[in-house]
Structures are given as C-alpha cells and as structure tokens.
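For reference, the structure is listed below as structure tokens.
Not measured: the values here are computed from a predicted model.
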Amino acid sequence: MLHDRGNMKWTSLMLPEHLVQLKEWKKEQYHDKKRDLTEWELEEIEQTIKRAFKLRKLVKLTLWDHNKLHDHTGLVTGTDTYKKELLLDTDLSIKRISFDLIQKASLVDEDD
C-alpha cells in the first residue's frame with residue numbers, strides 16, 4: 001500500500017521565499033475587500049455623522065483598517081476638513097479617523 005504524504009512531499013522542493021509568498025497569499029484570501037462607495041452612500045454617511053454631531057448622539061462607524069472591517073462607537077466631537085479627519089470620542093480615547101476609512105455610519109440607540 002502506497003502512503004501518500006500529500007503536499008508535504010512538495011514542500012521540500014520549494015524555496016523558502018516561495019513558502020513565504022504562499023503563506024502571504026493564503027492570508028490575503030481571508031481579507032475583506034474594500035468597497036468603493038457610491039455618491040449616495042457617501043452622502044448618507046456624511047448626513048449621519050452631521051446628525052450625530054448636532055444631536056450629540058453616539059455613532060457607530062464601520063472602518064476599513066488593516067484589510068478588515070472594524071466597528072468603532074463614540075461621540076463625534078469635531079472634524080478637520082483640512083486633514084479630512086473626524087474626532088471620535090470613545091470610552092478609552094479620542095481617535096482621529098480618516099474620512100477615507102469610513103465604510104458605514106449609523107446612529108446608536110442608547111436604549112439597546
């Protein structure tokens with residue numbers, strides 16, 4: 001009976017650089033893809049952020065960061081249009097968030 005070791009037998013024939021590249025390629029397969037937002041979506045995000053700032057309501061931002069989507073919740077305390085950033089006051093700190101990273105924004109209902 002022939003005992004097949006699968007990919008193990010081919011690994012010894014590969015250069016270390018190839019193995020590193022294969023591992024990186026595998027990692028990339030699990031990355032989320034950044035969506036290009038439409039004008040309508042960008043307008044909706046902007047209106048939500050303005051409403052949250054004006055009403056002093058918590059806002060949940062979905063950000064594209066390090067090839068993943070991350071949620072951050074806090075109060076919008078200001079914007080820097082020159083640097084294209086907004087200031088988000090979270091429980092832990094005040095974060096500077098680039099407008100380009102924002103994929104989604106929604107008001108948080110504090111009763112939840």
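Between the OG atom in S106 and the NZ atom in K57 there is a gap of 12.5 Å [rounded to 0.5 Å]. Rounded to the nearest 0.5 Å, atoms NZ (K104) and CG (L37) are 11.5 Å apart. Distance CG/D89 to CD1/I94: 4.5 Å, rounded to 0.5 Å. Annotation: the span from L101 atom CG to H66 atom NE2 amounts to 10.0 Å, rounded to 0.5 Å. Summarising the geometry, atom CG belonging to L61 is positioned 11.5 Å from atom CD belonging to Q103; distances are rounded to the nearest 0.5 Å. Taking NZ of K84 as the reference point, atom CG of D100 lies at 7.0 Å (rounded to 0.5 Å).
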Note to self: Run L69 and L63 through side chain to side chain contact (heavy atoms under 4.5 Å, CB included) and show every step you take.
What the structure shows: CA-CA 5 Å; L69 294 172; L63 308 176; over 6 Å; no
Next item on the list: Decide side chain to side chain contact (heavy atoms under 4.5 Å, CB included) for V76 and L88; before the verdict, give the C-alpha distance in whole Å, the side-chain angles of both, and the deciding distance to 0.1 Å.
Entry: CA-CA 5 Å; V76 178; L88 187 71; 4.2 Å; yes
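Closest approach of V59 to A52, counting heavy atoms only: CB-CB, 3.8 Å. Residue W64 comes nearest to N67 through the heavy atom pair CZ2-CA, 3.6 Å, listed as atom of the first residue, atom of the second, then distance.
Two residues are said to be in side-chain contact when any heavy atoms from C-beta on lie closer than 4.5 Å; R96 and L87 meet this criterion. Annotation: side chain of L58 is not in contact with side chain of L107 (no heavy-atom distance under 4.5 Å).
For the salt bridge (Lys or Arg N to Asp or Glu O under 4.0 Å) test, no residue two or more places apart in sequence or in another chain qualifies with D36. Every residue was checked against the salt bridge (Lys or Arg N to Asp or Glu O under 4.0 Å) condition with K95, not counting sequence neighbours, and none meets it.
Each of L75 and F53 belongs to its own hydrophobic cluster when Ile, Leu, Val, Met, Phe, Trp and Tyr are linked at side-chain heavy-atom distances under 4.5 angstrom.
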Using residues 43-50 as the side-chain source, report each donor-acceptor pair under 3.5 Å to any protein atom, sequence neighbours left out, with the distance given to one decimal.
unit_1	atom_1	unit_2	atom_2	d
E43	OE2	Q47	NE2	2.9
E46	OE2	K50	NZ	3.1
T48	OG1	E44	O	2.9

